[in-house]
Amino acid sequence: MLTALWLIVFIVAAIALAYANASALAWVAAGAAFLGVAWVAGLLPAWLTLALAAAFVIVAPALVVPGLRRRLVSEPLLRAFRKVLPPMSQTEREAIEAGSVWWDGELFSGKPDWRKLLAVPRGTLTPEEQHFLDHDVEELCAMVSDWETTNVYKDLPPNVWKFVKDRGFLGMIIPREYGGLGFSGYAHSQVVQKISTRSGTAAVTVLVPNSLGPGELLLHYGTDEQKRHYLPRLAKGLEIPCFALTNPSAGSDAASIPDYGVVCWGEHEGKKVLGLRVTWDKRYITLGPVATLLGLAFRAYDPDHLAGNKDEIGITCALIPTSHPGVDIGRRHMPLNAVFQNGPTWGKDVFIPMDWVIGGQPMLGRGWRMLMECLAAGRGISLPSSNTGMAKLAVRTTGGYARVRRQFKTAIGRFEGIEEALARMGGNLYMMDATRSLTARAVDLGEKPAVLSGIAKLHITEKNREVINDAMDVVGGKGICMGPSNVLGAAYMQMPVSITVEGANILTRSLIVYGQGAIRCHPFVLKEMEATRRADHAQALAEFDAAFAGHVRFTLSNMARALVMGLTGSHFVGVAADVAPEMRRHYQKLTRFSAALAFVSDVSMVTLGGALKRKEKLSARLGDVLSSLYLCSATLKRYEDEGRHKADAPLVHWAVWDAMFKAQNAFEGVISNFPSRLVAAVVGRIVFPLGRPYVVPSDRLGHQVARLLIEPSATRDRLTAGMYIDQRSDDPVRAIELALDATVAAEPIEEKLRVAVKKGRVAAKLPPGAGPEVLDARAVEAGVITADEARVLAEQRALTATVVRVDDFGPDLGRSLLVPPQPVTIHAAAARQVQSAKPVGERAAA
Ligand SMILES: Cc1cc2nc3c(=O)[nH]c(=O)nc-3n(C[C@H](O)[C@H](O)[C@H](O)COP(=O)(O)OP(=O)(O)OC[C@H]3O[C@@H](n4cnc5c(N)ncnc54)[C@H](O)[C@@H]3O)c2cc1C
């Protein structure tokens, strides 16, 4: 009995020491105390106590005496690590070293300090940025229509091109000293998002020069002369830039581009200068066909050692005016009917002077590092912003449509099946916008969050795909028939573009998020890897020993914490005192999953070693857990930043619950696929000791979220804040807004009418061909509704008819597509009567 008690106390104490990340000395002291008690009280057979004591005497000094530990433990391990670690190419190393670790490091620590997240400043705009958003961006949105750009101009109309250049849209990230707008990452994101709620073509045209491309590269790496020459021209739209990396044989594996430049002497502007003779074949280049300035990535070689002593210099970036002889540009691709400019470019043996290399000769061969660093920040802004904009358009219009459109005498948005889709749309959008905003702010804080920007790009585009698919299902045929009144069809068609560019999503999920995240964000792994590569053995051993000792304690601590939090349902986990009480449990559960991720990661690395890199399915699922933790962090942060609106809480609960359920599935996918069944069983028991904590978000919660989408409210406005809504009554988005408000106004009147019909006060049977207005007239006559109320019903029917109608064309779709048959018109009286004219921002502020 006493022995059993001793054993229990021993196990509890070991878990407590591990939980507290106790030092080796504390472990040794505790071990000695337990052995002492066992000996004195005779709790164990004498031989066993002696055997344990002997083992203790051997192990304990190795734990606490660093010199011994290095020789007995760390040195053999260092040798073994050197053998099993997969080789890392120069490009892989540069990708891993580029960028910085931010909140991802906390999530990987197993013990995120929520105060740090809550201390991140809210997204704010300067008065100039706000003015630009409220005036210039509004004007731009009013000027473009997706239908016209796609079907009439197959491009932005000339006046819109002029407008975006003149107003500085192409130079948002260029500092004011060079004539640019000098906007923050957050402001840039707000602008792109808003334009995306109106026109994908305009959004892409604006976002590309402001993301990874000549402007960004020049800002960070250009010579002073290059900056002085090009930045003012780019800012004013006097140069249209593009950046060409992708080659037909090198897409995702961009580091393997075969395009090359050979260092040589040549003639430029009548002088003999050192330069490169460049040959390239690129495709898919956005803005390529209209670019005046071609940013080009190629592999530089120097066989005659004219620029140094290396034969193969490496990937290099240069800026080449497209008017330069030999540059071929101008044909167009047609990316899923999107008409933003995109096409191939090629050139053969084109001589360029050395000072066209970005950063000049010293930056020869530094191109990959440059691209990775810019991508680490830029990827977190452009596609997350444009995709959040698209989702806002889809959610606002689909929610409105679902209330206006009736089938089986019921608004379709009230059917449980549609509610399920609407709930997903609402929860996803809240989380997407939260993630977009937090990631942009990280960039503004000076971070280059390589892993988090990968997560943001991957998950915001995937969620947008889900949102658009759901929207298409909800609106049915209305989304399928193309024409000026279809606001979803183009987004549905073009969604795969976002999935493919800036790191195709499957690759990003399988290789980047966790592949880089595990190494970069783990507090010890990169240190261990670096130590194994040190040439100086003594230094390597010292560094490895320190990192490895910390790593062991880290793993034990996270194992104990995951187990204890699992057993206690994480109810006792401390989080920052000032979080919203209604969200407290989410923080606690996130902390639990963070510890579990750190523990399962370590087990995966130990059991699979270098093979983990090739086990993309496991790596992708571990990345899914990390991603869920980030998406949930952003969502909770948004709730705090926006002032804890209780009415928005269902959106937060749904989004976090859904993400945590998916994280749980991802954990199970990893654990159940461990090659060792024993390891899988043990790890499964530690991470989920009482079974699965999550089920899918409840139907009740889904119902609450869906209701928020089909009703005008401040929550709906906050959810779609920053969206452009045209105030002209013939605009299809505006038409839905008007019809929604009319429907909400009509519903109580319809209810009175329904009750009166049921009670027999109004005869329901209508003569053949009679419309509902006959019933209204009878109800007015019977004193059931007033004449004004009858007018509200009539207006609601007129507005609904406008929303429900789809476009049609003449027999020759090809030509007649260019001229839409009739503009969408809204019953003028109805438009006057309905009190919905407030712009989105106004109601959100209320
Ligand atoms: C509209 C559009 C605009 C573009 N704009 C530009 C631009 O301005 N400049 C520029 O340089 N490029 C541009 N691109 C190119 C874009 O970046 C590439 O399309 C992208 O890198 C993917 O390359 P790929 O299409 O050749 O696909 P592939 O590389 O052939 O990939 C095919 C599939 O394989 C997957 N895959 C590849 N490797 C792995 C792996 N190791 N593990 C798991 N899955 C993997 C990918 O995720 C993808 O699903 C653009 C492309 C498009 C379509």
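These figures come from a predicted structure and were not determined experimentally.
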**OP:** Classify the side-chain pair Thr124/Tyr186 by whether it contains a donor and acceptor separated by less than 3.5 Å.
**Re:** no
Original post:
After noting the C-alpha distance and the side-chain angles of Glu94 and Arg366, does the key distance pass the salt bridge (charged side-chain N to carboxylate O under 4.0 Å, His left out) rule?
Top reply: CA-CA 10 Å; Glu94 286 182 348; Arg366 306 280 299 275; over 6 Å; no
Subject >> Salt-bridge criterion met for Arg621 and Glu668 (N-O under 4.0 Å) >> reply: no
**OP:** Check whether NZ of the Lys or CZ of the Arg Arg638 lies under 6.0 Å from the centre of the six-membered ring of Tyr430 and within 45 degrees of that ring's axis.
**Re:** yes
Original post:
Salt-bridged, Asp433 to Arg436, with N to O below 4.0 Å?
Top reply: yes
Original post:
Angle class for the His653/His586 ring planes (parallel below 30°, perpendicular above 60°, tilted otherwise)?
Top reply: tilted
Subject >> Pair Ser627, Asp624: side-chain N/O donor-acceptor within cut-off below 3.5 Å >> reply: no
**OP:** Check the side chains of Glu75 and His537 for a donor-acceptor pair under 3.5 angstrom, ignoring hydrogens and angles.
**Re:** yes
Original post:
When the ring centroid of Phe544 is compared with that of Phe81, is the distance short of 6.0 Å?
Top reply: yes
Subject >> Pair Tyr514-Ser601, side-chain donor/acceptor within less than 3.5 Å >> reply: yes
I'd like a table of donor-acceptor pairs (distance under 3.5 Å, sequence neighbours excluded) in which one partner is a side-chain atom from residues 14-42, with atom names and distances.
| residue | atom | partner | partner atom | Å |
| --- | --- | --- | --- | --- |
| Asn21 | OD1 | Arg553 | NE | 3.3 |
| Ser23 | OG | Ala26 | N | 3.3 |

Subject >> 4.5 Å side-chain heavy-atom contact, His522 and Phe554 >> reply: yes
**OP:** Work out which heavy atom in Glu462 is nearest to a heavy atom in Asn505; give both atom names and the distance.
**Re:** OE2-ND2, 3.0 Å
**OP:** Decide side-chain contact (heavy atoms from CB on, under 4.5 Å) for Lys589 and Met660; before the verdict, give the C-alpha distance in whole Å, the side-chain angles of both, and the deciding distance to 0.1 Å.
**Re:** CA-CA 9 Å; Lys589 291 178 183 179; Met660 294 298 274; 4.2 Å; yes
Subject >> Lys/Arg-Asp/Glu bridge criterion (N-O < 4.0 Å) met for Arg644, Glu640 >> reply: yes
**OP:** Using distance alone, with no hydrogens and no angle criterion, decide if Ser437 and Arg441 have a side-chain donor and acceptor under 3.5 Å apart.
**Re:** yes
**OP:** May I ask you to decide whether Arg115 forms a salt bridge with Asp113, counting only side-chain N to carboxylate O separations under 4.0 Å?
**Re:** yes
Just list the side-chain donor-acceptor pairs under 3.5 Å for residues 563-580, sequence neighbours left out, or say none.
| residue | atom | partner | partner atom | Å |
| --- | --- | --- | --- | --- |
| Thr568 | OG1 | Val564 | O | 2.8 |
| His571 | NE2 | Arg585 | NH2 | 3.4 |

**OP:** Would you mind checking if Lys527 and Glu543 are paired as a salt bridge, meaning a charged N to carboxylate O distance below 4.0 Å?
**Re:** no
Subject >> Distance-minimising heavy-atom pair for Ala518 and Met605 >> reply: CB-CE, 3.9 Å
**OP:** Report yes if the distance between the aromatic ring centroids of Trp657 and Phe661 is under 6.0 Å, otherwise no.
**Re:** no
Original post:
Going by atom types only, do Glu528 and His551 share a side-chain donor-acceptor pair under 3.5 Å?
Top reply: yes
**OP:** Would you check, one step at a time, whether the test side-chain contact (heavy atoms from CB on, under 4.5 Å) holds for Val696 with Asp658?
**Re:** CA-CA 6 Å; Val696 288; Asp658 177 66; over 6 Å; no
Original post:
Do the side-chain N and O atoms of Trp114 and Thr591 include a donor-acceptor pair separated by under 3.5 angstrom?
Top reply: yes
Taking only distance into account, with no hydrogens and no angle test, what donor-acceptor pairs under 3.5 Å do side-chain atoms of residues 48-69 form with protein atoms, sequence neighbours excluded?
| residue | atom | partner | partner atom | Å |
| --- | --- | --- | --- | --- |
| Thr49 | OG1 | Pro45 | O | 3.1 |
| Arg69 | NE | Asp545 | OD1 | 3.0 |
| Arg69 | NH1 | Leu63 | O | 3.3 |
| Arg69 | NH2 | Asp545 | OD2 | 2.8 |

